[in-house]
Structures are given as C-alpha cells and as structure tokens.
Amino acid sequence: MERLLLLREKNQLPDATLGVLYRDSNAICVTLELPWMDNQPKISCIPKGSYQVTRYNSPSKGEDFLLHDVPDRSMIELHVGNTVDNTEGCILVGRVYGILDGKRAVLHSIPTLQTLLAELPDTFMLDIE
C-alpha cells in the first residue's frame with residue numbers, strides 16, 4: 001500500500017498547524033490544521049501517527065479522503081477549505097499559504113483536492129510527523 005507523509009512544521013503556531021504533504025519525497029501540497037490542543041474534538045489537530053486513508057463521498061463536502069482509526073476522533077477528512085474556520089479537526093489542503101480575512105490560509109484548495117483525487121489511489125497510508 002502506498003504511503004504518504006504529512007510533515008508538520010516543528011514550530012507550531014498558536015492559531016494553526018502548518019504542514020507539507022509528500023508523495024515519494026516530492027511535496028504535493030501544503031496543509032492547514034487546527035493547533036494542537038491535546039486531541040480535543042473540534043478544536044485540535046489529530047495526533048501524530050499512521051492512518052489508513054480511503055476515498056470518501058462526504059455528505060457535506062463531496063468527494064474527499066477519510067482517515068480511519070484516529071484515536072478518540074471520527075470523521076477526520078482531507079478536504080477543501082482555506083482557514084481554520086473551515087475545519088473542526090480535519091486537514092485542509094492547498095497549493096500555497098496565504099492570508100484571508102487576516103487569518104492564515106491555504107489557497108487554491110479546490111483545484112488541489114481535485115488533483116489529489118485524480119492522482120492518489122483510493123486507499124493509502126498517511127504518516128503524520
């Protein structure tokens with residue numbers, strides 16, 4: 001099974017967790033998550049670890065990717081969005097970082113997710129470090 005790596009920035013910010021998603025040592029997108037708040041649902045990013053990911057048809061977000069067996073959490077997805085206001089613990093994807101309405105953001109999220117859906121397998125492992 002293919003493995004991807006989400007490498008989070010070592011120096012976490014108080015308002016967000018930034019990262020880069022790698023496939024075969026190649027950066028394929030940037031990510032934005034909530035800050036680490038002890039894995040509390042809806043206000044924290046998820047713990048570091050290895051997760052199986054599958055293509056998923058979300059009732060609210062359309063086609064994206066779902067992470068499985070996240071400790072003490074459910075329905076954690078890789079999906080579109082720009083700022084932490086667009087996530088309740090999920091991982092947002094984009095091409096570059098920017099600022100929207102004075103907040104840290106990932107930009108070009110929709111085309112980034114479309115590219116991931118077209119290029120990634122239906123099932124893969126995601127290692128978060």
_Side chains of L92 and V80 in contact at under 4.5 Å (non-hydrogen atoms)_ = no
_Just so I know, are the side chains of L21 and L126 near enough to count as touching, which here means a heavy-atom distance under 4.5 Å?_
yes
_Do the side chains of D15 and K103 get close enough for a salt bridge, i.e. N-O under 4.0 angstrom?_
no
_Ion pair check, R55 and E63, cut-off under 4.0 Å_ = yes
Rounded to the nearest 0.5 Å, how far does [atom2] of [Y] lie from [atom1] of [X]?
X	Y	atom1	atom2	result
L7	T31	CG	OG1	9.0 Å
N39	K48	CG	NZ	13.5 Å
H108	Q114	NE2	CD	13.0 Å
I76	C90	CD1	SG	5.0 Å
L5	N26	CG	CG	12.0 Å
R8	I128	CZ	CD1	5.0 Å

*Is there a side chain to side chain contact (heavy atoms under 4.5 Å, CB included) between M75 and L66 once you walk through the steps?*
CA-CA 7 Å; M75 302 311 297; L66 179 68; 4.2 Å; yes
When clusters are formed by joining ILVMFWY residues with side-chain heavy atoms under 4.5 Å apart, either directly or through shared neighbours, do [X] and [Y] land in the same one?
X	Y	answer
I91	V30	no
V93	L117	yes
V70	V53	yes
L34	L13	yes
L6	W36	no

Looking only at non-hydrogen atoms, find the nearest pair between [X] and [Y] and report the distance.
X	Y	result
V84	E33	CG1-O, 3.6 Å
G19	Y97	O-OH, 2.5 Å
H79	L113	CA-CD2, 4.3 Å
D38	S44	N-OG, 3.9 Å
R95	T115	NH2-OG1, 4.4 Å
S50	D127	OG-OD1, 2.5 Å

_Here's a test for you: under ring-ring contact (aromatic ring centres under 6.0 Å, His included), which of Y56, F124, Y51 qualifies with F65?_
F124
*asked:* Donor-acceptor pair, distance only, cut-off 3.5 Å: does the side chain of R23 make one with the backbone of E119?
replied: yes
*Distance-only, no hydrogens or angles: does the Q40 side chain make a donor-acceptor pair with backbone N or O of M37 under 3.5 Å?*
yes
*Just wondering, more than 12 heavy atoms not from I43 lying within 6.0 Å of its CD1?*
yes
*Does CG in D69 sit with more than 12 non-hydrogen atoms of other residues, nucleotides or ligands closer than 6.0 Å?*
no
*Does the pair K61 and E77 meet the rule for a side chain to side chain contact (heavy atoms under 4.5 Å, CB included), with working shown?*
CA-CA 10 Å; K61 297 172 193 68; E77 301 171 39; 3.7 Å; yes
*Can you name the one residue among D64, L4, L67 that meets side-chain contact (heavy atoms from CB on, under 4.5 Å) with L78?*
L67
